[in-house]
Amino acid sequence: MVKTSHFERMAKYYDRATKILMLGTYGKVRERIVSEPAVERALDLCCGTGYVTGHINAKTVVALDMSPGMLRVNRDKNRERRHVNITVGDAFRLPFADNSFDAVYNTLAAHEFKKISNIVSEAYRVLRPGGRLVLYDFSYPDNIFLRYTYLPFVKHIVELGTFFVYNGEGWGKILKEAGFIDVESESLYGASILMRARK
Ligand SMILES: C[S@@+](CC[C@H](N)C(=O)[O-])C[C@H]1O[C@@H](n2cnc3c(N)ncnc32)[C@H](O)[C@@H]1O
C-alpha cells in the first residue's frame, strides 16, 4: 500500500514535478486521455490533484483519493466546476454501489500498487455493463532511444519492488482477468501507455 503521507508532503509540488517529468507532453497526453465520448457519470479513481478531473467529458465527475492534501489542491482547481464531486476514499474498497458509473479513469497511479488487480476489480464492479475503463500510466519504453536510457532505470526500480509497470500485453492480461473486454492499448510518447477497456 502507498504511504499517503508521501502525497501529503508532495501535494503542493506535485503538478510542477509531474509537468517536468512528462517533458512537455503533459497537455497533449491529457487531451488524448479525455478524448472519450461524453457520459453521465464518471469516476476519477486516485484522482490526486486533478490532472484529468475537470477535463473528463461527463455530466458528473466523482473524484476519489486517499490523500486529503492532494484533494485540497484538486478542490481549489475545480472550485468553479459544479459537476465535480471530490471525496476521500480507498481505491481498494470503493464506497460506491455496483454498476454505478459509465466510465472510470485512473491516471498516473497504477505504478504505485503491487496489487493493482484488486483496484482493477473494484473499477470493474462499480462500472455499469458496457462502461469504459481508461487507464494511463508509465510503461516499459518502446522507442529505441529510451530503451538505452530510461529502460535500465525502470527495470531497476521495478526490481526493487517500489514501482510496478506493465506493457500492453501485461495490462491486457490484468484487465481481461478482471472481466474486461475490448481491451486496447496505445503507447504514448514511447514511455507511457493508455489502456481502454469495456465491462
Ligand atoms: C501519483 S498520484 C496520481 C494522481 C493523479 N491521478 C494524476 O494523474 O496526477 C497517485 C495518487 O493515488 C492516491 N492513492 C494512493 N493510494 C490510494 C488508495 N488506496 N486509494 C485512493 N487513492 C490512493 C495518492 O494519494 C495519490 O494522489
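Being a predicted model, the structure only gives us computed values, none of them experimental. Note that ligands are numbered from 1 as they come in the structure, with each ligand's atoms numbered from 1 the same way.
- A salt bridge links Asp15 with Lys77: the distance from a Lys NZ or Arg NE/NH1/NH2 to an Asp or Glu carboxylate oxygen falls below 4.0 Å.
- Residues in residues 186-195 take part in these salt bridge (Lys or Arg N to Asp or Glu O under 4.0 Å) pairs, two or more places apart or across chains: Arg32-Glu186, Glu186-Arg196.
- Residue-ligand proximity: Asp65 is placed with a non-hydrogen atom under 4.0 Å from ligand 1.
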Inset, instruction - Could you walk me through whether Val104 and Val126 pass the side chain to side chain contact (heavy atoms under 4.5 Å, CB included) test, one step at a time? - result: CA-CA 8 Å; Val104 173; Val126 301; 4.1 Å; yes
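- Lys59 places none of its side-chain heavy atoms less than 4.5 Å from the side chain of Arg41.
- Atoms of ligand 1 lying under 4.0 Å from at least one heavy atom of Ala91, given by number and element, are 18 (C), 19 (N), 20 (N), 21 (C).
- Taking a cut-off of under 4.0 Å to the non-hydrogen atoms of Asp90, the atoms of ligand 1 that pass are 18 (C), 19 (N), 20 (N).
- In the vicinity of Ser67, heavy-atom distances shorter than 4.0 Å reach the ligand 1 atoms 25 (O).
- No N or O atom of Phe113 sits closer than 3.5 Å to an N or O atom of ligand 1.
- Near Glu112, the atoms of ligand 1 lying under 4.0 angstrom from a non-hydrogen atom of the residue are 1 (C).
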Inset, instruction - Kindly determine whether Glu169 and Lys173 satisfy salt bridge (charged side-chain N to carboxylate O under 4.0 Å, His left out), including the steps that lead there. - result: CA-CA 6 Å; Glu169 200 184 325; Lys173 193 164 177 287; over 6 Å; no
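- Applying the ring-ring contact (aromatic ring centres under 6.0 Å, His included) test to Tyr26 and every residue at least two apart in sequence or in another chain returns Tyr51.
- When heavy-atom distances to ligand 1 are checked against a 4.0 Å cut-off, Met70 comes that close only through its side chain, counted from C-beta outward.
- When each atom of ligand 1 is checked for a heavy atom of Phe92 under 4.0 Å away, the hits are 19 (N).
- Taking every heavy atom of Gly89 and a limit of under 4.0 angstrom, the matching atoms of ligand 1 come to 20 (N), 21 (C).
- Atom 3 (C) of ligand 1 has its nearest heavy-atom neighbour, among Phe7, Tyr14, Phe138, Tyr51, in Tyr14.
- Taking all heavy atoms of Cys46, Gly69, Ala109, Gly48 into account, the minimum distance to atom 6 (N) of ligand 1 is reached by Cys46.
- When ring centroids are compared, Phe113 and Phe164 stay outside the 6.0 Å threshold.
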Legend entry - Worked check of salt bridge (charged side-chain N to carboxylate O under 4.0 Å, His left out) between Arg132 and Glu36: CA-CA 9 Å; Arg132 298 267 283 166; Glu36 289 283 313; 3.1 Å; yes
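- Between Thr49 and ligand 1, no N or O atom pair is found at a separation short of 3.5 Å.
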